[in-house]
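Note sheet for the following structure.
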Number of protein chains: 2
Amino acid sequence: MGYYLDLSDPDIAHLASLQKHEQNWRQRDIVRESGAPADLLYVVKSGWCYSYTIMVDGRRQVLQIHHPGDVIGIPDVAYERAVTGLQAATDICLCPFPKNRLDEIFRDSPRLTALLMTLGMMDHVVLLDRIRTIGRMNADERVAHFLLEIVSRLRITSPDITDTFDLPLSQELIGDALGLTNVYVSRTMSLMERAGLIQRMDRAIRICDERALKDMADFQDRYYRIDTSWFPGGAAPALEPNA
Amino acid sequence: MGYYLDLSDPDIAHLASLQKHEQNWRQRDIVRESGAPADLLYVVKSGWCYSYTIMVDGRRQVLQIHHPGDVIGIPDVAYERAVTGLQAATDICLCPFPKNRLDEIFRDSPRLTALLMTLGMMDHVVLLDRIRTIGRMNADERVAHFLLEIVSRLRITSPDITDTFDLPLSQELIGDALGLTNVYVSRTMSLMERAGLIQRMDRAIRICDERALKDMADFQDRYYRIDTSWFPGGAAPALEPNA
DNA sequence: CGAAAAGTTGAGGATCGTCAACATCTGTGG
DNA sequence: CCACAGATGTTGACGATCCTCAACTTTTCG
């Protein structure tokens, strides 16, 4: 695993020790129910999963899509019980580690602490974008923004992606993430395809006109550059993500 | 200022030193534009303000309401430029401090660091609730949730609040926070008042049937209890907020 | 007192949801 | 290798929620 920052050897060892245990789930398996004890965090090793909440009458809101390399559960750390459910969108492999091991990091490595906090803050900003998207944009703008966000995220770990990528998410899931129904997501994506903005082959998506999509969704890439200038121990030499 | 945690004397001194400078703004003043250099954080001393974004065509989304005692700008720390604008909802007094002073905290006090991070995570969870609210609830449920969240937040610093509080926010602002228009907020609140759920006198709101509101909005209080068991230096003796 | 801001109400319309039928894909077991 | 069930995607008709525009009233503040 690489990150946004050059780390010392002990820090790298620390990170590695958190990823010793692996566990697998099949597509649609529930990893953790909302309300379960929040004593674990997870690092995504492979596959996609998502956080969600369900209302009493069955309405579901998908809150976050988690990709390989993500740390899941930073916000839950503040509470005794998990705020969200966690479910596998594809077959996945996660590395769970207990949250009380965080205090080692907090004591031993201010620099790693700052990095963890930064990851949490990046998630936070992505949520702000999502609120704006759901609160003030119509269906096609929402879908455009959603797709762009996914590509941006994928490009961190796969810089070779140009315009085509695999999207292993059902339209119902996308709808639940964007405050729409599966039906309307289908209509919207069909229209976008007919308009020449995207192209679909099976589960793969091709972004045909990224400029147009960015304009309509007022999109900004939150993953590309981060600010490490305030980090204890000094700024990272490179501001861009390492492999 | 009190918090969720007993702190050591040096930590308290540290917090106090961050609040040396005060600055005042009038109602509707813009404290910081979106895109401005993100080199400052703010502690709210008095008054209410809010974070927001604006789209090119003028649509606005209010992202967060900030109350006295809040720390503003934790997520912006990850970026070189501010992600959101910041505007005064009432006359306010803020204590700005430079974000590069955070590294002192990170180096010297793991415990204070954990507390700061926890505050950020609480904000995060409130945003998750907001996404669910906007994405999957209709207008009256949204308004109900919004009011309950405000009361819960106010009760941290004013435990004597029972069912009545001052709400110095225009209906346009509330609408921009909930993904509605000012017109529809007016209609919705009038209906809620006629239904006996709330009562309005000038800018004051009285929650008449808190149980009913909580049920309809599926509300959970995110401010009441936090988990400090993982903190370096051990858990806080009391889990509930101190004065 | 006057101007700007904020709230209310009505009429009409757009966007998106609901329901339902059907088509297609996927994975598992015989 | 095929059959079948479940999951997923598509399309149409209709309806509900919420928006837009506009006029008006009330409140706030210099």
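In the text below, chain A, chain B and the rest are named by the order of the sequence lines, each starting its count at 1.
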Mind running salt bridge (Lys or Arg N to Asp or Glu O under 4.0 Å) on A:Asp39 and A:Lys99 for me, showing each step along the way? CA-CA 6 Å; A:Asp39 42 10; A:Lys99 79 174 176 190; over 6 Å; no
How close or far is atom P of C:dG13 from atom CG of A:Asn138, stated in whole angstroms? 20 Å
Residue list, side chain to side chain contact (heavy atoms under 4.5 Å, CB included) with A:Glu33, at least two apart or on another chain: A:Ile30
Under 4.0 Å protein heavy-atom contacts per nucleotide of nucleotides 1-10 of chain C, with B for base, S for backbone only and - for none: ----SSSBBB
With no hydrogens and no angle check, do the side chains of B:Tyr52 and B:Gln61 hold a donor and an acceptor under 3.5 Å apart? no
Round to the nearest Å and state the distance from A:Glu141 atom CD to C:dT15 atom P. 11 Å
Just to confirm, is there a sub-4.0 Å distance from OP1 or OP2 of C:dC16 to any side-chain nitrogen or oxygen of A:Tyr184? yes
Check every strand shown and say whether A:Gly175 touches a base, only sugar-phosphate, or nothing at a heavy-atom separation below 4.0 Å. nothing
Tested for side chain to side chain contact (heavy atoms under 4.5 Å, CB included) against A:Phe146, the lone hit among A:Thr133, A:Leu178, A:Val185, A:Leu180 is A:Leu178
Side-chain N or O of A:Thr181 versus OP1/OP2 of C:dG17: is the shortest distance under 4.0 Å? yes
Holding to side chain to side chain contact (heavy atoms under 4.5 Å, CB included), I want the full list of residues that pass it with A:Val151, two or more places apart in sequence or in another chain. A:Arg155, A:Ile161, A:Phe165, A:Ile207
Between C:dG17 atom P and B:Met137 atom CE, what is the distance in whole Å? 16 Å
Separation of C:dT18 atom P from A:Asp57 atom CG, nearest Å, is 10 Å
So, does A:Arg26 get its side chain near the phosphate of C:dT28, meaning an N or O under 4.0 Å from OP1 or OP2? yes
Verify the distance criterion only: is there a donor paired with an acceptor across the side chains of A:His66 and A:Ser51 at less than 3.5 Å? yes
In whole angstrom, give the distance that lies between atom CD of A:Gln61 and atom P of C:dG17. 12 Å
